[in-house]
Protein chains: 2
Amino acid sequence: MTDDDIHREIFEAIIDGRLEPGEKLGQDELGKVFGVSKTRIRPVLHRLADQKIVVIEPMRGAFVARPSVEDARAVNAARQIIEEGVIRAATRAAKPRHLKILRQIVAEEQGARDRRDGGHAHRLTGEFHCELARITGNDVVAELVRELVSRDSLVVALYQRPASSVCSLGGHTDLIDKIASGDEDAAAHAMRHHLQDVMDSLDLGDEGRKAPSLATAFAHLGSRS
Amino acid sequence: MTDDDIHREIFEAIIDGRLEPGEKLGQDELGKVFGVSKTRIRPVLHRLADQKIVVIEPMRGAFVARPSVEDARAVNAARQIIEEGVIRAATRAAKPRHLKILRQIVAEEQGARDRRDGGHAHRLTGEFHCELARITGNDVVAELVRELVSRDSLVVALYQRPASSVCSLGGHTDLIDKIASGDEDAAAHAMRHHLQDVMDSLDLGDEGRKAPSLATAFAHLGSRS
DNA sequence: AATTCAGTTTTAGTATACGATTTTTTCTTG
DNA sequence: CAAGAAAAAATCGTATACTAAAACTGAATT
């Protein structure tokens with residue numbers, strides 16, 4: 001069990017939603033889970049904190065990150081900016097085999113949705129954008145996009161509307177078409193709107209449904225203080 | 001002396017070239033420097049490794065990163081892709097005060113060059129790109145660019161030609177002009193070429209001048225094996 | 001004289017131990 | 001009985017101790 005294994009294990013547990021935002025990540029507790037001392041857990045937690053997947057409150061411990069509404073908007077806006085450059089480069093570099101891979105991912109995505117497997121579908125949605133970044137042939141870019149996508153996964157986990165995973169259905173195929181056409185500007189435009197659609201499909205009205213603040217939890221009582 | 005202080009201290013020592021690429025970063029040694037145990041050095045080293053500023057070889061220790069020629073090309077290519085999106089967003093968002101800040105940085109840069117203060121000039125060059133990212137008003141993007149720029153600093157430190165820091169002189173003012181004109185495409189184009197110019201000004205012929213491989217060090221002897 | 005191998009020293013990686021701080025529990029008091 | 005204070009438990013952060021691997025030294029051998 002290497003350090004990266006521990007990291008990946010926790011990372012995936014969070015992204016897959018098996019660990020809820022705000023949940024406490026105790027060092028000794030995790031150490032017992034993985035059969036190591038907390039000495040090896042701490043660096044992993046710090047790395048996850050660097051990735052904004054967890055937050056570390058001094059002397060209080062690590063918690064699964066709970067991005068605020070502003071964080072959510074900032075990450076999405078960042079993706080619009082970054083992935084504009086990415087899809088432009090991808091459009092310039094795209095070969096038929098690349099498009100084939102993208103189409104395959106969309107197909108699997110569709111399949112997962114049909115099977116009502118929202119988790120898998122969501123993961124493939126992220127995979128699509130990562131694969132898009134890979135078309136550029138640049139590992140640095142691919143890694144950057146991967147990080148942004150994973151941060152966005154947390155956001156979606158927190159703010160996704162109950163009955164809305166159909167939103168990005170056409171979005172990805174549209175992106176592929178634009179890339180295939182070689183029209184860089186059209187592709188960039190489509191990407192910005194696609195990400196904006198994802199954003200708009202979120203319920204950013206309250207500060208996260210899970211573990212809400214007391215004020216919102218008891219809002220139905222009205223303010224009496 | 002907080003953890004971040006230690007991190008920044010080592011980070012800046014590397015970026016400023018006070019620690020040469022390839023140099024060993026012993027845990028106990030650094031611990032003594034900062035008056036702490038290696039327990040607190042290790043996470044810092046790992047964080048720097050995440051940032052690709054140092055490399056950690058298992059059971060051998062940490063060393064100041066020595067990006068290969070391929071790494072150098074990849075980081076520059078990544079910047080071309082990422083910063084295309086950034087300058088487009090910046091062009092759309094730019095206000096007069098932003099341009100003023102950029103022009104000021106260029107002026108300071110020019111002053112530093114006149115004073116033959118290459119280090120300061122180089123640092124301001126990076127600062128220019130970070131400030132450009134800040135125009136987008138997005139902290140996530142700004143942070144991303146900052147990381148890429150710092151990685152590039154290492155590359156430049158390794159591969160810069162002895163007498164060539166004049167290269168990007170006109171580049172930045174040109175970028176400002178394009179942003180001011182509001183012509184997004186022109187700005188994006190200028191950015192790509194500016195970064196390509198920086199790249200071309202590097203001496204990527206050998207695998208780094210400092211501490212070269214034995215093969216290149218004794219190349220003048222010819223191959224006799 | 002160069003090379004290899006054994007012994008020594010150094011150093012990375014990990015666990016344990018300990019002090020400091022927070023959280024929880026319990027006890028007191030109005 | 002509720003609220004606050006004090007004590008106890010739990011847990012974070014750091015240093016120290018230990019183990020194992022790598023680097024170094026030097027002698028022996030070809």
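Throughout, protein chains are lettered first and strands after them, A, B, ... in sequence-line order, and every chain is numbered starting at 1.
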Subject >> Footprint string (nucleotides 5-10 of chain C, 5' to 3'): B base within contact, S backbone only, - free, heavy atoms under 4.0 Å >> reply: ------
**OP:** Sugar-phosphate atoms are those with a prime plus P, OP1 and OP2; base atoms are the rest. Using that split, label each nucleotide of nucleotides 6-15 of chain D B, S or - for protein heavy atoms under 4.0 Å, 5' to 3'.
**Re:** ------BBBB
Between [Y] and [X], does any NZ, NE, NH1 or NH2 come within less than 4.0 Å of an OD or OE carboxylate oxygen?
X: A:Glu20; Y: A:Arg66; result: no
X: B:Glu109; Y: B:Arg113; result: yes
X: B:Asp16; Y: B:Arg123; result: yes

**OP:** Quickly work out the B:Ile41 CD1 to C:dA12 P distance and round it to whole Å.
**Re:** 11 Å
Original post:
What pairs meet the side-chain hydrogen bond (donor to acceptor under 3.5 Å, both in side chains) rule with one or both residues in residues 26-37 of chain B, with sequence neighbours excluded?
Top reply: B:Ser37-B:Thr39
Original post:
Do the ring planes of B:His172 and B:His129 sit parallel (below 30°), tilted (30 to 60°) or perpendicular (above 60°)?
Top reply: perpendicular
**OP:** Could you tell me which residues satisfy side chain to side chain donor-acceptor pair (under 3.5 Å) with B:Arg47, sequence neighbours excluded, listed by chain and number?
**Re:** B:Asp4
Original post:
Can you name the side chain to side chain donor-acceptor pair (under 3.5 Å) partners of B:Arg60, sequence neighbours left out?
Top reply: B:Glu57
Subject >> Those residues that, when tested against A:Asp200, pass salt bridge (charged side-chain N to carboxylate O under 4.0 Å, His left out) (two or more places apart) >> reply: none
